[in-house]
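Order of appearance sets the numbers: ligands from 1, and atoms from 1 within every ligand.
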Amino acid sequence: MGQRGDGGGSIVSRLPRIAWGKGSYVYDASGKRYIDGSGGPALFCIGHGNEEVNQAILGQLGRIAHGYRYHFTSEAAETLQSIVSRRAGEGLTEMVFVSSGSEAVESCLKVALQYQAAVGQSARRRFIARRRAWHGNTLGALSVSHFDERREPFEGALLDVRFVSAPNAYRLPAGVEPGQLAEVAAAELETAITELGPENVCAFIFEPVMGAAGGAVPTPPGYARRVREICTRYGVLLIADEVMCGAGRTGTWRALEHEQVVPDLMAVAKGLAGGYLPLGAAVYRKELMAPMVERYGAVRTGHTFTAHTTACAAGVAVQEIIERERLVEKVATDAPYLFDALRDALAPLESVGDIRGRGFFVGIELVRNRVTKTPFDPERRLHERIFERALANGLICYPVGGNVDGRAGDHVILAPPYNASRAELDEIVEKLTTSIRESLNER
Ligand code: PLP
């Protein structure tokens, strides 16, 4: 038994001990079976216990665990770089492989700063990010995050970041029509840039589909294109944080492909090696590289474990399976099935306010009143209760609190493995419906 800490805020509860997993199922030490409805935290994109990935890891370990980046390159890292640049497309060919999503974001921030300095824009030190965003736990990534509960102990020591609204079609700002949302939110970014002084702004970072803190909120149509235009106009770099929504989860390999928008930098992690080993990447456009190398001799980010050879071998195996089995296409095809099943099953529950997301990345928001969209009293910790009921019912899901104002708001994220069968999707929907119903009935 253990504690649940970071996943959903400050939850402390008794957790089962993991024993093994196969496909969409995991088993605890007592033999109890759970269906993995959220792929952990949108991580296990091809399920558990995949023999091909395990063999690739063992094969690499049999040769050598890791070739340190200042001494060697490796076939695994080179192959992974070519896979990622081909899948990302659009000149996103440069990358640094790291060991987590936070490090991927941190490296994106640092590459953005280094590039601006390299092109003589060394006053561009400020970042703009969005409210309700989650970008990670290292100090830089935490600074651009807006997850109150996780920031609180570190306030005062974080970077001075300017936050703008994250548009959410379910919670429109007063007086704003749905069709105006993208423009209003993009205009807020432009105002922030002009107020800070464009010559001081390094980059704008956002999640194309907002994950943990917002509950799988896609950006409204046209928003990404507008922020791209604004960033280009003011010389501000655009960073897409695709740690959670990228690598195929939303039915395209890059989440921003859906909007036909190309960022300058992009963080990917979770789906890259599917949880088999820790792996992330800060990916950036080719043109950014030359000025940095010319001015500083190298890109000044990375770690001892950068491009860890065995982690990269796991990434190659996972990405080859995704491509060979056409799993990104499968996500796009099966997503409407999952959304329909959820809508049918959850419609009778008065407290289900919104079901949203894209691909196999779904957010279900719970409200006390469907008409007024009033959230539940945060003291009730509804999301924690759902997590506990789901565990008891043999379902892994990812409930989080605070999406409305940092304290109030309860949502559940589902992010099944891309290769989950339709029968497994049905089981996830059924168990989630039961768990939400039971939690609502608890007093
Ligand atoms: N960025 C996003 C969008 C995330 O969802 C997360 C983690 O949930 C991170 C960054 C940080 O990733 P990690 O927990 O691997 O450091």
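If you check each of A104, S99, S102, A133 against atom 14 (O) of ligand 1, the one with the closest non-hydrogen atom is S102. Ranked by closest heavy atom to atom 6 (C) of ligand 1, the top entry among F206, W134, F147 is W134.
A cation-pi arrangement is absent between K32 and Y27 under the rule of less than 6.0 angstrom and at most 45 degrees off the ring axis. Geometrically, R150 engages F147 in a cation-pi contact, judged by NZ or CZ lying under 6.0 Å from the ring centre and within 45° of the ring axis.
Checking only distances, V105 never comes within under 3.5 Å of ligand 1, N or O to N or O. Taking only nitrogen or oxygen atoms, main chain and side chain alike, D241 reaches within less than 3.5 Å of ligand 1. For Y398, no nitrogen or oxygen atom sits less than 3.5 Å from a nitrogen or oxygen atom of ligand 1, counting backbone and side chain alike. Considering backbone and side-chain N/O of K270, one or more are found under 3.5 Å from N/O of ligand 1.
The M244 neighbourhood of ligand 1 comprises atoms 5 (O), with distances under 4.0 Å to a heavy atom of that residue. The contact set between ligand 1 and V243, taken as ligand atoms under 4.0 Å from a residue heavy atom, comprises 1 (N), 2 (C), 4 (C), 6 (C), 9 (C), 10 (C), 12 (O). Residue E207 has at least one heavy-atom neighbour below 4.0 Å for each of these atoms of ligand 1: 3 (C). Listed by atom number, the atoms of ligand 1 under 4.0 Å from G101 heavy atoms are 11 (C), 12 (O), 13 (P), 15 (O), 16 (O).
If you look at H135 next to ligand 1, the close heavy atoms, those under 4.0 Å, all belong to the backbone.
No hydrogens or angles considered: a donor-acceptor pair under 3.5 Å links the side chains of E365 and N403. D264 and Y284 share no side-chain donor-acceptor pair at under 3.5 Å. Side chains of T73 and E78: a donor on one and an acceptor on the other come within 3.5 Å.
L238 contributes atom CG, which lies 5.0 Å from atom CZ of R228 (distance to the nearest 0.5 angstrom). Rounding to the nearest 0.5 Å places CZ of F44 at 6.5 Å from CG of D36.
Residues E427 and Y25 meet the side-chain proximity criterion, which asks for heavy atoms closer than 4.5 Å.
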